[in-house]
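Hydrogens, waters and symmetry mates are skipped; everything else that's a heavy atom, side chains included, is used. All residue numbers in this chain count up from 1 along the given sequence.
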Amino acid sequence: QVQLVESGGGLVQAGGSLRLSCAASGRTFTRYDMGWFRQAPGPEREFVAAINWSGSNTYHVDSVKGRFTISRDNAKNTVYLQMNSLKPEDTAVYYCAAKISSSPLSQALRYDIWGQGTQVTVSS
């Protein structure tokens, strides 16, 4: 099983950009589809984006389409989330997650390996 470590969060002004990275340990990275989730203060964690094991298929939630892009580099065991045109409502803790590549990308409940999260704060 992989272990996940996020980085790249921080404070940015509205309209700015950040790139989050998620480094995975282990030699089985290509067994996993990868996703990004976020959680603002409150109980619910929002599914943001996902990418399949090869990088050939991606999913982005409507609220981030055209602004965020998920990608992965299997040679580096890393998945990225490029975030452009950031808005204050994007402020949240962003989590990287993984699931075995055997179910559709958008099945959020299938993601069962989690990183520790990285804070993104967008000021107005």
Side-chain angles (χ1 to χ4, degrees):
Q1 154 167 327
V2 295
Q3 292 184 316
L4 306 175
V5 178
E6 302 97 331
S7 61
L11 173 64
V12 63
Q13 288 189 331
S17 298
L18 282 174
R19 187 176 80 157
L20 305 183
S21 298
C22 173
S25 64
R27 295 177 291 177
T28 60
F29 186 57
T30 53
R31 292 184 62 196
Y32 295 90
D33 297 332
M34 301 298 296
W36 286 99
F37 293 73
R38 65 186 179 186
Q39 187 162 15
E44 293 194 7
R45 188 169 291 184
E46 180 186 13
F47 191 16
V48 176
I51 189 166
N52 74 330
W53 70 272
S54 67
S56 63
N57 188 24
T58 62
Y59 167 85
H60 297 81
V61 69
D62 285 347
S63 61
V64 306
K65 280 182 180 177
R67 300 190 299 123
F68 292 10
T69 303
I70 191 170
S71 62
R72 68 190 292 163
D73 184 338
N74 286 342
K76 295 182 179 179
N77 280 14
T78 302
V79 62
Y80 305 98
L81 186 68
Q82 178 66 43
M83 306 187 296
N84 299 328
S85 301
L86 282 160
K87 304 175 181 180
E89 52 263 44
D90 295 318
T91 294
V93 178
Y94 282 71
Y95 296 89
C96 176
K99 68 172 182 69
I100 292 292
S101 186
S102 61
S103 59
L105 286 179
S106 58
Q107 289 193 355
L109 294 179
R110 296 285 190 172
Y111 291 83
D112 56 0
I113 301 170
W114 295 86
Q116 83 289 350
T118 186
Q119 176 71 47
V120 171
T121 302
V122 184
S123 63
S124 57

Novice: In chain order, what residues pass the salt bridge (Lys or Arg N to Asp or Glu O under 4.0 Å) check against Lys65, with sequence neighbours excluded?
Specialist: Asp62
Novice: With side chain to side chain contact (heavy atoms under 4.5 Å, CB included) as the test, would you mind laying out the steps for Gln119 and Thr91 before giving the verdict?
Specialist: CA-CA 8 Å; Gln119 176 71 47; Thr91 294; 4.0 Å; yes
Novice: To the nearest 0.5 Å, how far apart are OG1 in Thr121 and CG in Leu86?
Specialist: 10.5 Å
Novice: Nearest 0.5 Å please: distance from the OG1 atom of Thr118 over to the CG atom of Leu18.
Specialist: 9.0 Å
Novice: If you take all heavy atoms of Phe29 and Met34, which pair is closest and at what distance?
Specialist: CE1-SD, 3.8 Å
Novice: Are any non-hydrogen side-chain atoms of Glu89 and Ser63 less than 4.5 angstrom apart?
Specialist: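 No. Closest side-chain heavy atoms not under 4.5 Å.
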Novice: Taking Ser25 for its side chain and Gln3 for its backbone only, find out whether a donor-acceptor pair lies under 3.5 Å.
Specialist: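 Side chain of Ser25 to backbone of Gln3: a pair is present.
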Novice: Under 3.5 Å, side chain of Ser56 to main-chain N/O of Ser54, donor-acceptor pair present?
Specialist: no
Novice: Indicate, with yes or no, if Phe68 and Ile70 share a hydrophobic cluster defined by side-chain heavy-atom contacts under 4.5 Å among Ile, Leu, Val, Met, Phe, Trp and Tyr.
Specialist: yes
Novice: Report yes or no: do Val12 and Tyr94 belong to one cluster of Ile/Leu/Val/Met/Phe/Trp/Tyr joined by side chain heavy-atom distances under 4.5 Å?
Specialist: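 Val12 clusters together with Tyr94.
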Novice: Listed by chain and number, what are the salt bridge (Lys or Arg N to Asp or Glu O under 4.0 Å) partners of Arg67, not counting sequence neighbours?
Specialist: Asp90
Novice: Parallel, tilted or perpendicular for Tyr111 and Phe37, by the 30°/60° rule?
Specialist: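 The arrangement is perpendicular - the two ring planes meet at more than 60°.
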Novice: Measuring only between side-chain heavy atoms, which start at C-beta, is Val79 closer than 4.5 Å to Trp36?
Specialist: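 Side chain of Val79 against side chain of Trp36, heavy atoms only: contact under 4.5 Å found.
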Novice: With rounding to the nearest 0.5 Å, note down the distance linking CD in Gln13 to OG in Ser124.
Specialist: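 Here the rounded value is 9.5 Å.
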Novice: For Arg110, I'd like to know if atom CZ has over 12 heavy atoms of other residues, nucleotides or ligands within 6.0 Å.
Specialist: no
Novice: Could you tell me which non-hydrogen atom of Asn74 sits nearest to which non-hydrogen atom of Thr30, and how far apart they are?
Specialist: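 It is ND2-CG2, 3.5 Å.
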Novice: Treat each ILVMFWY residue as a node, draw an edge where side-chain heavy atoms are under 4.5 Å apart, and state whether Ile113 and Ile51 are in one component.
Specialist: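 Same hydrophobic cluster.
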Novice: For the residue pair Ala92 and Ala40, what are the closest heavy atoms and their distance?
Specialist: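 Here Ala92 and Ala40 meet closest at CB-N, 3.8 Å.
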Novice: To the nearest 0.5 Å, how far apart are CZ in Arg19 and CG in Asn84?
Specialist: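 The CG atom of Asn84 is 11.5 Å from CZ of Arg19, to the nearest 0.5 Å.
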Novice: Do Val48 and Tyr80 belong to the same hydrophobic cluster, where Ile, Leu, Val, Met, Phe, Trp and Tyr are linked whenever their side-chain heavy atoms lie under 4.5 Å apart, directly or via other members?
Specialist: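 Val48 and Tyr80: separate clusters.
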Novice: Given Val64 and Arg38, is the side chain to side chain contact (heavy atoms under 4.5 Å, CB included) satisfied, shown in steps?
Specialist: CA-CA 12 Å; Val64 306; Arg38 65 186 179 186; 4.1 Å; yes
Novice: State, to 0.1 Å, how close Gln107 and Ser103 come at their nearest heavy-atom pair, and which atoms those are.
Specialist: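 Shortest heavy-atom contact: OE1-CB, 3.7 Å.
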Novice: Are the side chains of Glu6 and Leu20 in touch, meaning some heavy atoms are under 4.5 Å apart?
Specialist: no
Novice: Would you give the length of the straight line joining atom CG of Leu4 to atom OG of Ser21, rounded to the nearest 0.5 angstrom?
Specialist: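 One gets 12.5 Å once the value is rounded to the nearest 0.5 Å.
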Novice: Between Asn52 and Asn57 (side chain of the first, backbone of the second, donor and acceptor by atom type, cut-off under 3.5 Å), is there such a pair?
Specialist: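 Side chain of Asn52 to backbone of Asn57, a donor-acceptor pair under 3.5 Å: yes, one is there.
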Novice: For the side chain of Asn77 and the backbone of Gly26, is there at least one donor-acceptor N/O pair under 3.5 Å apart?
Specialist: yes
Novice: Locate the shortest heavy-atom distance separating Ser123 from Leu11; write the atom from each residue and the value.
Specialist: CB-CD1, 4.4 Å
Novice: With sequence neighbours left out, what residues match Asp112 under salt bridge (Lys or Arg N to Asp or Glu O under 4.0 Å)?
Specialist: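 Scan of Asp112 (salt bridge (Lys or Arg N to Asp or Glu O under 4.0 Å), adjacent residues dropped) gives none.
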Novice: Which heavy atom of Tyr95 sits nearest a heavy atom of Gln116, and at what distance?
Specialist: CE2-O, 3.5 Å
